[in-house]
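Below is one structure, written out as structure tokens, with a few remarks after it.
These numbers were taken from a predicted model, which means no experiment stands behind them.
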Amino acid sequence: MSATRVCALSELQQDEARRVEIDGVPMAVVLDGNGEVHAIGDTCTHGDISLSDGFVEGDTLECWAHGSAFSLRTGKPLNLPAYEPVPVYEVTIEGDDVLIDPAVTKNVD
């Protein structure tokens, strides 16, 4: 599979998550305070909740339902109740286009 355009960079709001879906794979796309775009799995591993409805702080996305925060860089949960990571997808910016390949994950151990 190749990278798919999910939105325009100019459509992203700083420190807010946006839900996108590619071939049935839900993802949360975030433009952080440093201007970096991240894409992680949109489903909290604790409660099957959409992370894109959560809160962005620094390089984390917190689930609104139970408070687990996930690293936007590694996908790892930083606190309980979640203990399983979410996938992190490689993001490419081409002009104003944000592209993601759902087949390429980059979780860091």
Subject >> Criterion side-chain hydrogen bond (donor to acceptor under 3.5 Å, both in side chains) on D42 and S50, from CA distance to verdict >> reply: CA-CA 5 Å; D42 187 48; S50 176; 2.7 Å; yes
**OP:** Would you sort out whether D48 and T43 count as a side-chain contact (heavy atoms from CB on, under 4.5 Å), showing the intermediate values?
**Re:** CA-CA 5 Å; D48 199 28; T43 306; 3.1 Å; yes
Original post:
What's the verdict on side-chain contact (heavy atoms from CB on, under 4.5 Å) for V91 and V98, showing C-alpha distance, side-chain angles and the deciding distance?
Top reply: CA-CA 7 Å; V91 175; V98 177; 3.9 Å; yes
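Within the 4.5 Å cutoff, the side chain of D97 has no heavy atoms near those of the L9 side chain. Using a 4.5 Å heavy-atom threshold, the side chains of W64 and L51 count as separate. The shortest distance between side-chain heavy atoms of I40 and L61 falls below 4.5 Å. Using a 4.5 Å heavy-atom threshold, the side chains of F70 and C44 count as touching. Looking at heavy atoms from C-beta onward, L72 lies out of side-chain contact with T60 at the 4.5 angstrom threshold. No side-chain heavy atom of R18 sits less than 4.5 Å from a side-chain heavy atom of Q13. V37 places a side-chain heavy atom less than 4.5 Å from the side chain of I93. Counting heavy atoms from C-beta on, the side chains of P26 and R19 come closer than 4.5 Å.
A salt bridge links E36 to R73: one of the charged nitrogens lies within less than 4.0 Å of a carboxylate oxygen.
The number of heavy atoms from other shown groups lying within 6.0 Å of CD (E57) does not exceed 12.
Shown here for S68 and A82, the closest heavy-atom pair between the two residues is OG-N, 2.8 Å. Between D101 and Y89 the shortest heavy-atom distance is O-CD2, 4.0 Å. The minimum heavy-atom distance between V56 and A17, with the atom names listed, is CG2-N, 3.9 Å. The heavy-atom pair separating M27 from I22 by the smallest distance is CE-CD1, 4.0 Å.
Panel note: side chain E62, backbone F55; no donor-acceptor pair is recorded below 3.5 Å. For the pair D96 (side chain) and A8 (backbone), a donor-acceptor distance under 3.5 Å is absent.
Hydrophobic clustering, with ILVMFWY side chains joined whenever heavy atoms are under 4.5 angstrom apart, keeps V20 apart from L99.
Looking at D32, V30, L31 one by one, the single match for side-chain contact (heavy atoms from CB on, under 4.5 Å) with L12 turns out to be L31.
Annotation: the span from N79 atom CG to H66 atom NE2 amounts to 12.5 Å, rounded to 0.5 Å.
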